[in-house]
Amino acid sequence: MAYDDDNIFAKILRDEIPCDKVHETEHALAFRDINPQTPVHVLVIPRGRYESMDDFSTGASDAEIADFIRAVGEVARMMGVVDDGYRILANHGRDGHQEVPHLHIHIFGGKNLGRMIKPVDK
Ligand code: AMP
């Protein structure tokens with residue numbers, strides 16, 4: 001599927017709409033989620049046009065991947081959630097309930113997050 005240049009995170013990257021930025025690197029941007037699910041809820045996105053982990057993991061350069069992953073760790077440290085713990089999550093596609101078609105890693109923290117995934121009916 002072709003990358004949608006009109007998705008909301010593409011607009012944030014082009015500075016067409018604002019974000020609550022917490023960190024930026026050559027290949028990544030991090031900003032607070034507009035609808036936080038936990039006291040700390042930050043999204044880290046690559047600057048490149050990648051829809052999800054699927055095309056990022058196949059198409060991104062080693063430099064992009066390294067910078068992006070390092071940015072995730074750096075944001076967690078900046079948010080002060082390393083000692084008590086945090087969770088990272090990236091949704092892909094329909095079953096993952098991905099809403100915005102630009103790769104983003106959620107960083108959740110600031111409270112006890114409970115078990116990873118609640119059991120669902122098969
Ligand atoms: P996902 O289901 O993984 O695609 O989650 C998309 C996330 O993007 C949700 O947690 C939304 O609250 C968040 N979101 C949507 N629009 C914005 C925005 N303009 N700024 C910050 N976060 C946003």
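Whatever order the structure lists ligands and atoms in, that order sets their numbers, starting from 1.
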Shortest heavy-atom approach to atom 6 (C) of ligand 1 - which of H104, K11, Q98: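 Nearest heavy atom to atom 6 (C) of ligand 1 lies in H104.
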Give the atom numbers and elements of ligand 1 that come within less than 4.0 Å of a heavy atom of [X].
{"X": "F31", "result": "21 (C)"}
{"X": "N91", "result": "1 (P), 2 (O), 3 (O)"}
{"X": "V100", "result": "4 (O), 6 (C)"}
{"X": "R32", "result": "21 (C)"}
{"X": "N35", "result": "12 (O)"}
{"X": "H106", "result": "1 (P), 3 (O), 5 (O), 7 (C), 10 (O)"}

Shortest protein heavy-atom distance from [atom], along with the residue and atom involved:
{"atom": "atom 8 (O) of ligand 1", "answer": "F9 CZ, 3.5 Å"}
{"atom": "atom 2 (O) of ligand 1", "answer": "H97 O, 3.0 Å"}
{"atom": "atom 4 (O) of ligand 1", "answer": "E99 N, 2.6 Å"}
{"atom": "atom 14 (N) of ligand 1", "answer": "I34 CG2, 3.8 Å"}
{"atom": "atom 10 (O) of ligand 1", "answer": "D33 OD2, 2.5 Å"}

task = Would you please indicate yes or no on a ring centroid separation below 6.0 angstrom for F31 and H23?
result =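 So the answer is no for these two rings.
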Self-check item: ligand 1 contact on L43 by region, counting heavy-atom pairs under 4.0 Å
Solution: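 For L43, only side-chain atoms sit under 4.0 Å from ligand 1.
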**Prompt:** Do you see a donor-acceptor pair shorter than 3.5 Å between the side chains of D33 and H41?
**Reply:**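 Per modelled atom types, D33 and H41 side chains form a pair under 3.5 Å.
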Between D54 and Y50, do the side chains contain a donor N or O and an acceptor N or O under 3.5 Å apart?
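On atom types as modelled, these side chains do not qualify, holding no pair under 3.5 Å.
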Looking at every heavy atom in both F68 and A28, which two are closest together, and how far apart are they?
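Here F68 and A28 meet closest at CD1-CB, 4.1 Å.
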| message | For ligand 1 and H41, I'd like to know whether there is a polar contact (N/O to N/O, distance under 3.5 Å). | response |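 Between H41 and ligand 1 (N or O atoms, distance only) the closest approach is not under 3.5 Å.
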More than 12 heavy atoms of other residues, nucleotides or ligands under 6.0 Å from CG of D20: yes or no?
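Correct, the count exceeds 12.
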_Check this for me: does any side-chain nitrogen of one of R47 and E24 sit under 4.0 Å from a carboxylate oxygen of the other?_
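A salt bridge links R47 with E24.
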Less than 4.0 Å between a side-chain N and a carboxylate O, is that true for D6 and K11?
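No, this pair does not count.
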